[in-house]
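For clarity, every value in this text was computed on a predicted model and none was experimentally measured. Side chains are part of it too, since the values below use all heavy atoms of this structure and drop only hydrogens, waters and symmetry mates.
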Amino acid sequence: FNSGIKNIPIYCISMKNATDRRKFMEWQFSKADLKNFQFIDAIEADHINVDELIHEKIYNDHAAKKIHKRPLTKGEIACSLSHGRVYKLISQDTSNPVALILEDDALLVTDRIEVIDLSLFPIDWDVVFLSSFYKQKPPLGHIQNNLYTAESWGGSCAGYIVSKKGAIKLSNGYLPI
C-alpha cells in the first residue's frame, strides 16, 4: 500500500447495532492492513423528525423537491447528517490533512486501493470519490492516470477521500440538506 493511504484516518459510518456489517468492515480493514479506522455511529432514520428539521432549517424540503423532484426520505436525511458528523470530526482534527470516509457496505478492492497515490492528486483537491459510475462515456476532464474531474461521473458516498480543507467546506455547506 501507498503509505499515505495506509496511515490516513478512516471513518466508517455504520449503525450502532449493525454488528455484522461492522465485523465485515473490520475483516476488510485487517485484510488490507488498515489499522487507523474508527466507526462513527450513523444517525438513525427512525429518530428523524422531518417537521422539526424543517423548522430548525436543517432540512429544506422545497429545495429537495426542486433538485430531486421529491422530498428526501428519512434515510437520506439521516445519511447526510451522518456524513456531516464526520466532516466536523475531520475539520477539528489538527494532526491529519486528509481522511478516508467509508459507509459500512463499501467493498475494499485491495488492488485498487494500492494504486491510490495522494501525491498525484491536484494541488487544490477537496474530495476524491472512490465509488462512482459513468454519466458520460468516455469520461471527460482527465487529470492524470485514473483521476478525472466530476464532469463525467455520478458519485456515491460509499467511499471517498477528503482533504481537511474539503471537510471544512463540506462542514460549513452541507446544511440545510
Side-chain donor/acceptor of [X] to backbone N/O of [Y], under 3.5 Å:
| X | Y | value |
| --- | --- | --- |
| Y59 | L72 | yes |
| N96 | V98 | no |
| E76 | T73 | yes |
| K69 | K66 | yes |

**Request:** Indicate, with yes or no, if the rings of Y11 and H83 have centres closer together than 6.0 Å.
**Result:**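 They do not qualify: ring centres at least 6.0 Å apart.
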**Asked** Are side-chain heavy atoms of P97 and K165 found at a separation under 4.5 Å?
**Response**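 No, too far: nothing below the 4.5 Å cut-off.
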**I10 and F29, any side-chain heavy atoms less than 4.5 Å apart** =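 Of all side-chain heavy-atom pairs linking I10 with F29, at least one is under 4.5 Å.
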**Message:** Using every non-hydrogen atom in the two residues, find where Y160 and V127 come nearest and quote the distance to one decimal.
**Reply:**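 Of all heavy-atom pairs spanning Y160 and V127, the closest is CD1-CG1, 3.8 Å.
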**Request:** Write down the atom of K16, the atom of D41, and the distance for their closest heavy-atom approach.
**Result:**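 K16 and D41 have their closest heavy atoms at CD-OD2, 3.6 Å.
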**Asked** Excluding sequence neighbours, so at least two apart, what forms side chain to side chain donor-acceptor pair (under 3.5 Å) with S80?
**Response**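 Partners of S80 under the side chain to side chain donor-acceptor pair (under 3.5 Å) test: none.
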**Request:** Can you measure from CG (L130) to CG (L102) and round to the nearest 0.5 angstrom?
**Result:**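 Taking CG in L130 and CG in L102, the distance rounds to 7.5 Å.
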**Prompt:** Would you say L175 and L170 are hydrophobically clustered, going by side-chain heavy atoms of ILVMFWY under 4.5 Å?
**Reply:**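 Shared cluster, yes.
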